[in-house]
Amino acid sequence: MSETPLVDELEKGPWPSFVKEIKKTAENMEKLASEGKDLKLPKTARGLLKLLEISYKDKKTHWKHGGIVSVVGYGGGVIGRYSDLGDKLPEVEHFHTMRINMPAGWFYSTKALRGLCDVWEKWGSGLTNMHGSTGDIIFLGTRSEYLQPSFEDLGKLEIPFDLGGSGSALRTPSACMGPALCEFSCYDTLDLCYDLTMTYQNELHRPMYPYKFKIKCSGCPNDCVASKARADFAIIGTWKDEIQIDDEAVKEYAKWMDIENEVVKLCPTKAISWNGKELKIDAKNCVRCMHCINKMPKALKPGKERGATILVGGKAPVLEGAIIGWVTIPFIEIRKPYDEIKEILNATLEWWDEEGKFRERVGEMIWRKGMREYLKVIGKSADVRIVKAPRNNPFMFFKKEELRPSPFVEELKKRGMF
Amino acid sequence: MSETPLVDELEKGPWPSFVKEIKKTAENMEKLASEGKDLKLPKTARGLLKLLEISYKDKKTHWKHGGIVSVVGYGGGVIGRYSDLGDKLPEVEHFHTMRINMPAGWFYSTKALRGLCDVWEKWGSGLTNMHGSTGDIIFLGTRSEYLQPSFEDLGKLEIPFDLGGSGSALRTPSACMGPALCEFSCYDTLDLCYDLTMTYQNELHRPMYPYKFKIKCSGCPNDCVASKARADFAIIGTWKDEIQIDDEAVKEYAKWMDIENEVVKLCPTKAISWNGKELKIDAKNCVRCMHCINKMPKALKPGKERGATILVGGKAPVLEGAIIGWVTIPFIEIRKPYDEIKEILNATLEWWDEEGKFRERVGEMIWRKGMREYLKVIGKSADVRIVKAPRNNPFMFFKKEELRPSPFVEELKKRGMF
Amino acid sequence: MVKTDFGPPKYDLMLHPVIKKNYGKWKFHEVVKPGVIRRVAESGDEIYVVRFGSPRLLSVYTIRELCDIADKYSDGYLRWTSRNNVEFFVTSKEKVDALIKEVEEKIGFPCGGTWDAVTGKYGLSNIVHTQGWIHCHTPAIDASGIVKAVMDELYEYFIDHKLPAMCRISLACCANMCGAVHASDIAIVGIHRTPPLPDDDAIRRTCEIPSTVAACPTGALKPDMKAKTIKVDVEKCMYCGNCYTMCPGMPLFDPENDGAAIMVGGKISDARRMPELSKVVVPWVPNEPPRWPTLVKYIKQILETWANNARKHERLIEWVDRIGWERFFELTGLEFTDHLIDDYRITPYIYGELRTSTQFRW
Amino acid sequence: MVKTDFGPPKYDLMLHPVIKKNYGKWKFHEVVKPGVIRRVAESGDEIYVVRFGSPRLLSVYTIRELCDIADKYSDGYLRWTSRNNVEFFVTSKEKVDALIKEVEEKIGFPCGGTWDAVTGKYGLSNIVHTQGWIHCHTPAIDASGIVKAVMDELYEYFIDHKLPAMCRISLACCANMCGAVHASDIAIVGIHRTPPLPDDDAIRRTCEIPSTVAACPTGALKPDMKAKTIKVDVEKCMYCGNCYTMCPGMPLFDPENDGAAIMVGGKISDARRMPELSKVVVPWVPNEPPRWPTLVKYIKQILETWANNARKHERLIEWVDRIGWERFFELTGLEFTDHLIDDYRITPYIYGELRTSTQFRW
Ligand code: SRM
Ligand code: SRM
Ligand code: SRM
Ligand code: SRM
Ligand code: SF4
Ligand code: SF4
Ligand code: SF4
Ligand code: SF4
Ligand code: SF4
Ligand code: SF4
Ligand code: SF4
Ligand code: SF4
């Protein structure tokens, strides 16, 4: 009988099985090791399977809190992990993860991938996640002593790979495929992502902040990297002028598409009209939601005056509840060398670094200090586009400079209060 | 030249002038007093005018914080008010207000009104507000020593009047005109309002609670007493079955009304359809917003299974922000002797009385303690109708009884934590 | 012994006989003309309800005059509405115009303030308001004076049905919002703009320091135990006046800096759209007694911009739902300043007010 | 010295020549069939992007096999999508089917996971998920196992375009929500249901007491200074595990009471409706390894109820917007329990979630 009857159940069924992946790794590595290949951890994949079986029986994790492990010169990029079954299953006593910074857009050459595989076959469990939720390549499971050589070997590859972020650091930025494949992309997501990643290598590798900080780049409001919900700093492509319409192509669609019900009626602001012959879009009322463009990619495309909207503060619910990022900059041009966006990023990071509380995400801090203060920090003035609606209470602050001179103000000054 | 040039400006213009009212009072009272009529405060109205002129010049109030003044046996119903110009304008040194409980729906016989006028002409400034924002008759301005006799005279009227509420008490309940005049009324607002007022006389007259508590009765969701926004306990008439349609009357409207655009398209749930001949309402999707009924009062009326929705917590923004009341009981029958509604009210008041913090409105307390606890207090179970949407976070509490037995739970018990 | 707790007179003593007879049995109503509503009962009885504006602050002498008129035309009965208008009940159509004439001439109250949902033509009603300098100790503005000035300017809308939908205007003279401005189509609210200047002496004499300190929603107050007074962190103060409510030793009145904020877009009825809280659109207008011209101008501007642009039955917030706040500011010519961005952390609607979408208009 | 901070390889090294040539110059795309997207450039060049599901947890041996296939069909290039699917780039249509055959046969990854907005026919994509018992120390549920069980059941939706609109399913094994379940159409989130049982010894050895105490969002923790440990007020604890994140001495794992909550209605894109957070609709489902039948049943039930009732392009929350949460619970057969009423005071959306209107459906 199998040693792992419970997890074996997950080999069944049509969907690709992660259990098969683990077994395949175990089998290959055991075999190659027995053939004399220099693999440091040929038993680890098998060990994981056994540990998992125990978890499946016990209905709980068998991983302990991680200790601090890393590679020389880095403060992050590795998640330390030890098993509480270390004595029983020494193969997985250590099971640290390395986060490897993926190429922007998750595009790979096979050469690059093979290099990665070689390193992890040698120094690790041979198991990966392609990819982690933040976007990194995840190398699952190695021992403390192999972290440094893994890292060094990664750096020596013909196409070298560096670590990604972890801990209270800037995290690995990610980007949708953007201009590489998508006709909707309003700016070069891959280049911006790459450039920011390179600019902030230090912030990425050496945790120095109150908490984590994530940047994601989506080429249009469809937001295919889910930046609104998952990034402290979401850069989402958009445009300012009219949607470009190809009338001929519209006519093609009209031959079979129910434009009235599937496009016109679904426009959130009723900015489109279709009289059976011509499609008209009222640019002043279009909120660039993408729906009509999504429906008719051959006929419609984003306008020509392109750039991005920046939303700040997106995050999961720990501690003060989930936040979908808040629009802070309705429109910004995205142009190499990206100075403007970097200035905003720098101002944001500096402010948060200085005034953020321990484990306070930037969104929570904006909530605590007020959006108004944040706008000041990034040097932007108020814009109605950053709110869904104006405030519902009259509890406003006024700056001293905004007050009229008066005896009362004089008295406040005299008393040292102003 | 006039003594009060600034306020005199407000005699001009087409809208009725409160300044004229004050002057008229002053003139009448001065005259009557000079004719020997027994008026205690014939100079007060004039004094108010002078004080107001000074406020208009100074651009600030000249009323000080009120002291505690009342009538024997009552803890509220009077707002004490003193002027900071008492030495200059002794006529308004005291300027206390009495809140007189109006009849439900603000219906009056002239006999009742004349009685009120007589009392206030004699003991007060002769000025009133018809009515205060909570609904009371406001007797503006008298001296401490005349409070008791005013009250006693009110009680001796052929149609006697009692004080309303003030301070941390139940406040004067109010009601829309309801069945007295309105065909939309889904329950007897006047009778419920009157009955509750009588039931809670003690709570109304003797502040005993953490803060104020307001009850308002509207006969239908049009909410003509603004109960959703202004009452801690809003009782709003509604129905459960189908809207009653008179097809003939619909046809009459159809002769001139644009039913498609003005009714069908404005239905929030698109529950109505009109094919040019017949109006159909999909009862399962009608959310009883009243729009179609409002538009066609001759053709449509509320269903037959009538009752009320109760919303709890409505209030102004002090301290934790304004609240529009929250649905806590989607439907309740409103039947004499109103036992069910009183049970709910009693449970609410008792809970809030016991656990409310100083100056914490019941809505704020529900927010602090959770709607779930409040539902338990009033003995109601959860209903999806009390939320706009389910919670957006998984931070739920589970009762001990909901847990499965387990060694962990045993251990918690053993350690005295459970 | 003096009788107590006998409560208000029972409503049924106060009802016109036709109303009493047809209580709960009204069939429909019909707006005959601005200010006049015909109500027909199942019994076939009918009654004309005739509405008049009032300044709310009434002299007992005026009330007696109203009674005289009610005795003459209305069988000795009358009522006030929930927005401080006076209503008479006339059983025969012929008497309506005479009644109107008599009220207008003798008392000077205009007939109007109604609306007709059926035809989608709405009058402007009275402004719900509060005490202001007439009676209260915390106001940042007057109440009655501003209301008078605004209603003079908007008079034509009261006496006629010229608006596309209901529009409720309210005023409260301080952030306590006794006028329930927190849910009105257009609202004026008095605000202070300076922190309290502690009057140490008054504090010692009249205040309970801990409860005053606790009353500050933003935590701007600290007890100064030694000096037995209270210290204000002016950076945290947003001038709500709550400390002054608790303690007279915390005055924050500054005639030059008190004034009004304007809010719009509140709604209470459930008709079509769910209720909504009002939103601040003008952070501050100075006190300009006796007629507050700047404030009046803003209110008129907002009302008329809405009225000229809204569709039938589209209340202010419904209009904004359709056109967007971007367009609201553009059309009204108001400026969106950073004051209007919610930063009151205690009110949890803040999340709801910030935009979590790239959807907006240029 | 070892080289550091050199960053990821530059993306342009990783692009298929046709992609590089037409970078930023794509004209349109067209979904040929489930899993296959034809992309046409302004230059006239075209490329077929062929997508396959993956378990995310991949063996280096599988990756090498994928590379072999990419070398053969895809000129040595491939990519992963933001939802962990693998994509190959084929320049001639003829090779598409052979590629699919080879991937399915050799690797066992199904072709699919795409959607076609143009025709309004949507496939189900992969489930974004997290570590679970494979690697993390705080999970309340496994991740990969549940995903496998659910995807087996929903397989037909992956390989075909049978859904009316986009539907994103995610899983996170604890409330930290690494899987971003807080904004997904359907989401599974691991939750604990018991308070932490302080391990005094571990606390003393490994924890910083003040920061652990401060980490509790509900203030359920108090330092016990004398005993150098932490006390839990179990009434206040809602089992978020945040204290355990800070301190290993605060374990709260109970195999019998850990489990999953189900959330629905989240949305990220701005298409049509603004983004929305997910809402809890099933408070707890027990852990039932290895195949979590109850949980799988619920997910399928929700997905299919939506799919059978929604209109074209109507994502789950848009469907609920139209039919109401009342109807959602009725149609899915789920029970609305009091757990689903928001009472997390710290997240200010609570006001937004409670109903402030008499508008609701029976
Ligand atoms: C590996 C990964 C999950 C995965 O399987 O993919 C992951 C794993 C962990 N996350 Fe995460 N998070 C991962 C992406 C995310 C995301 C998604 C994203 O980045 O787009 C989120 C939601 C977005 C966000 O940041 O808010 C996320 C929100 C969290 C949180 C809650 C943060 C919050 O403010 O709400 C925590 C808690 C914490 O930091 O203490 C957390 C903590 C953790 C820790 C470090 C556990 C802990 O308590 O210290 C997990 C280590 C697991 C392990 O053993 O490997 N992780 N985490 C993801 C990173 C892989 C990568 O680098 O690509
Ligand atoms: C008399 C009064 C009730 C009372 O007991 O005093 C009243 C009476 C009527 N209201 Fe009202 N409403 C009265 C205050 C209100 C209020 C409260 C307030 O303003 O503070 C509201 C809620 C305001 C809000 O939503 O902000 C209110 C929202 C409505 C609505 C909803 C309109 C909408 O589109 O939102 C209707 C229906 C309609 O007009 O379509 C309505 C309809 C009516 C009808 C037509 C009901 C009926 O069948 O008789 C009444 C005649 C109105 C007319 O003038 O033509 N009544 N009505 C109140 C008159 C106040 C005044 O003098 O102007
Ligand atoms: C007289 C009246 C205004 C008017 O001119 O009509 C009034 C006057 C005062 N209100 Fe009010 N409130 C009046 C109706 C309201 C309403 C409207 C309502 O009841 O429908 C509200 C908003 C609804 C609500 O209760 O939330 C209201 C919300 C407040 C608040 C804020 C309460 C909150 O929780 O946000 C305060 C502050 C306080 O209690 O300390 C307040 C406090 C006050 C005080 C007692 C001033 C104070 O700080 O102690 C005012 C006394 C003024 C005076 O000198 O006469 N008043 N107050 C209204 C009562 C007349 C009556 O009995 O009919
Ligand atoms: C490949 C990928 C981008 C990437 O860089 O990896 C991608 C690619 C495309 N997305 Fe996406 N989206 C991708 C993740 C997303 C995400 C992020 C996520 O799921 O976490 C979203 C936001 C999800 C959300 O809102 O919750 C996303 C929301 C959309 C939408 C909006 C749909 C809607 O109605 O809300 C569109 C437009 C549409 O389909 O109408 C879109 C459209 C598209 C188009 C048609 C864009 C284009 O012109 O090529 C792409 C082909 C889709 C297809 O399969 O037919 N993409 N797309 C991602 C594929 C993930 C996968 O394997 O399934
Ligand atoms: S976010 Fe926009 S540009 Fe980027 S892949 Fe999605 S649809 Fe294309
Ligand atoms: S992009 Fe959206 S808002 Fe703009 S016209 Fe198209 S559907 Fe309407
Ligand atoms: S709330 Fe309804 S029942 Fe009461 S007066 Fe208004 S419309 Fe009539
Ligand atoms: S009452 Fe409102 S929801 Fe119901 S059918 Fe009429 S308009 Fe529609
Ligand atoms: S709003 Fe403020 S100032 Fe005006 S009456 Fe009420 S408490 Fe007094
Ligand atoms: S005015 Fe308000 S915010 Fe300022 S100190 Fe007083 S209570 Fe605090
Ligand atoms: S969701 Fe929780 S348990 Fe799962 S990987 Fe993230 S931190 Fe670990
Ligand atoms: S599990 Fe969460 S709520 Fe409970 S004590 Fe720990 S941090 Fe506090």
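Lettering of chains follows the sequences in order, A, B, ..., and the numbering in each one begins at 1.
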Tell me whether [X] is salt-bridged to [Y], with the criterion being a basic N under 4.0 Å from an acidic carboxylate O.
X	Y	result
D:Lys267	A:Asp223	no
A:Asp195	D:Lys10	no
A:Glu183	D:Arg39	yes
D:Arg311	A:Glu262	no
D:Asp254	A:Lys59	no
A:Glu152	D:Lys3	no
A:Lys60	D:Asp142	no
A:Lys228	D:Asp270	yes

Is [X] in contact with chain A via its backbone, its side chain, both, or neither, using a 4.5 Å heavy-atom distance?
X	result
D:Val128	side chain
D:Thr130	side chain
D:Met274	side chain
D:Cys136	both
D:His29	both
D:Lys312	both
D:Glu65	side chain

- [ ] Specify which of D:Met166, D:Arg273, D:Gln131 makes the most heavy-atom pairs with chain A at under 4.5 Å.
- [x] D:Gln131
If you measure only the distance, is there a donor-acceptor pair under 3.5 Å linking the side chains of [X] and [Y]?
X	Y	value
D:His135	A:Thr97	yes
D:Tyr61	A:Glu121	yes
D:Asp12	A:Tyr194	no

Under 4.5 Å from any heavy atom of chain D, what part of [X] do you find: side chain, backbone, both or neither?
X	answer
A:Ser17	both
A:His62	neither
A:Leu190	both
A:Lys295	both
A:Asn261	neither
A:Met177	both
A:Leu10	both
A:His205	side chain

- [ ] Identify, with sequence neighbours excluded, every residue that meets disulfide bond (SG atoms under 2.5 Å apart) alongside D:Cys247.
- [x] D:Cys207
- [ ] Kindly say whether D:Ala215 contributes a backbone atom to a donor-acceptor pair with the side chain of A:Arg359 at under 3.5 angstrom?
- [x] no
TODO: Step through it carefully: locate the ring centre of D:Phe158, locate the ring centre of A:Trp15, and say whether they are under 6.0 Å apart.
DONE: yes
Open item on the list: Ring centres under 6.0 Å, that's the criterion: do A:His65 and D:Tyr244 meet it?
Closed with: yes
What are the two closest heavy atoms between [X] and [Y], and how far apart are they?
X	Y	result
A:Phe95	D:Ile134	CE2-O, 3.6 Å
D:Glu42	A:Lys301	OE2-NZ, 4.2 Å
A:Gln201	D:Gly7	OE1-N, 3.2 Å

Task: Partner chain D: residue of A:Met290, A:Gln148, A:Met29 with the largest heavy-atom pair count (under 4.5 Å) - done: A:Met29
- [ ] Go through A:Thr134, A:Asn129, A:Val318, A:Thr25 and name the one with the most non-hydrogen pairs under 4.5 angstrom from chain D.
- [x] A:Asn129
Answer whether the closest heavy-atom distance between the side chains of [X] and [Y] falls below 4.5 Å.
X	Y	answer
D:Met177	A:Pro317	yes
A:Lys57	D:Pro289	no
A:Ile159	D:Pro9	yes
A:Cys182	D:Trp26	no

Open item on the list: For A:Tyr108, run the ring-ring contact (aromatic ring centres under 6.0 Å, His included) check against D:Trp80, D:Tyr11, D:Tyr77 and tell me which one passes.
Closed with: D:Trp80
